[in-house]
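Remarks on the structure that follows.
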Amino acid sequence: MRRPNILLTGTPGVGKTTLGKELAARVGATYINVGDLAKEGELYEGFDEEYECPILDEDRVIDELEDKMNEGGVIVDYHGCDFFPERWFHIVFVLRTENSFLYDRLESRGYKGKKLQDNIQCEIFQTIYEEAMSSYKEEIVHQLPSNTPEDLERNLDQIIQWIEQWMKDNN
């Protein structure tokens with residue numbers, strides 16, 4: 001594998017997609033938004049009435065991604081992380097956003113009621129960070145602030161530096 005695989009995870013609305021697409025464009029990596037992949041391949045096992053969203057068929061997602069992940073150079077974007085095989089990722093970035101920013105972002109997406117509150121709670125209680133820490137080696141899990149355009153640029157610079165170092169060390 002000549003290039004590292006990266007997982008971008010965090011509560012919906014923290015900026016994973018914005019960061020992932022820009023990062024992939026800058027480094028020539030393959031960007032995969034798991035939500036889009038599931039939609040295109042209809043990789044669902046039902047519908048959650050309470051949250052008004054489809055339920056991901058995690059096994060089918062894994063099967064769909066396996067070959068791509070083995071090639072390397074993949075940036076995966078998803079709000080969950082505990083079902084991906086640990087061997088897939090060289091580094092995991094958990095994006096974190098202050099609640100005032102997150103609330104506005106989710107509200108502008110049409111989130112309301114329980115779905116909005118539960119996602120804010122998820123961020124408050126560091127649910128995704130805890131999930132990442134229990135799913136991967138601690139030393140590969142990193143939190144990044146994702147509130148402002150300046151944070152985005154800093155995160156891009158930091159991840160690009162990490163990729164360059166990984167490629168020097170591993171090729």
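Position 1 is the first residue of the sequence; numbering continues from there.
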Any side-chain heavy atom of [X] sitting closer than 4.5 Å to one from [Y]?
{"X": "Leu156", "Y": "Glu22", "answer": "yes"}
{"X": "Gln158", "Y": "Leu144", "answer": "yes"}
{"X": "Trp162", "Y": "Pro4", "answer": "yes"}
{"X": "Tyr44", "Y": "Lys39", "answer": "yes"}
{"X": "Val27", "Y": "Ile160", "answer": "yes"}
{"X": "Phe47", "Y": "Ile55", "answer": "no"}
{"X": "Ile159", "Y": "Ile6", "answer": "yes"}

Looking only at side chains, do [X] and [Y] share a donor and an acceptor under 3.5 Å apart?
{"X": "Asn119", "Y": "Tyr111", "value": "no"}
{"X": "Thr148", "Y": "Glu150", "value": "yes"}
{"X": "Tyr78", "Y": "Asn33", "value": "no"}

Determine, for [X] against [Y], whether the closest basic-nitrogen to carboxylate-oxygen distance falls under 4.0 angstrom.
{"X": "Glu66", "Y": "Arg87", "answer": "yes"}
{"X": "Arg60", "Y": "Asp63", "answer": "no"}
{"X": "Glu153", "Y": "Arg26", "answer": "yes"}

So does [Y] get a backbone contact from the side chain of [X], meaning a donor-acceptor N/O pair under 3.5 Å?
{"X": "Tyr51", "Y": "Lys114", "answer": "no"}
{"X": "Ser146", "Y": "Arg96", "answer": "no"}
{"X": "Arg3", "Y": "Gly28", "answer": "yes"}
{"X": "Glu123", "Y": "Thr97", "answer": "yes"}
{"X": "Glu131", "Y": "Asp82", "answer": "yes"}
{"X": "Asn147", "Y": "Glu98", "answer": "yes"}
{"X": "Asn5", "Y": "Trp88", "answer": "yes"}

Quick check: closest heavy atoms across [X] and [Y], and the distance to 0.1 Å?
{"X": "Gly20", "Y": "Leu8", "value": "CA-CD1, 3.4 Å"}
{"X": "Pro85", "Y": "Ile62", "value": "CD-CD1, 3.6 Å"}
{"X": "Lys68", "Y": "Val74", "value": "O-CG2, 3.5 Å"}

| query | For atom CD of Glu139, is the number of surrounding heavy atoms from other residues, nucleotides or ligands below 6.0 Å larger than 12? | reply |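 Above 12, so yes.
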| query | Above 12 or not: heavy atoms from other molecules or residues under 6.0 Å from CD of Glu50? | reply |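 Count over threshold, so yes.
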| task | Might you work through the side chain to side chain contact (heavy atoms under 4.5 Å, CB included) test for Phe93 and Leu19, ending with a clear yes or no? | result | CA-CA 11 Å; Phe93 293 105; Leu19 177 65; 5.7 Å; no
| query | What's the verdict on side chain to side chain contact (heavy atoms under 4.5 Å, CB included) for Leu56 and Glu45, showing C-alpha distance, side-chain angles and the deciding distance? | reply | CA-CA 6 Å; Leu56 194 68; Glu45 58 182 22; over 6 Å; no
| Going through the checks in order, is the side chain to side chain contact (heavy atoms under 4.5 Å, CB included) test met by Val76 and Tyr31? | CA-CA 6 Å; Val76 174; Tyr31 168 77; over 6 Å; no
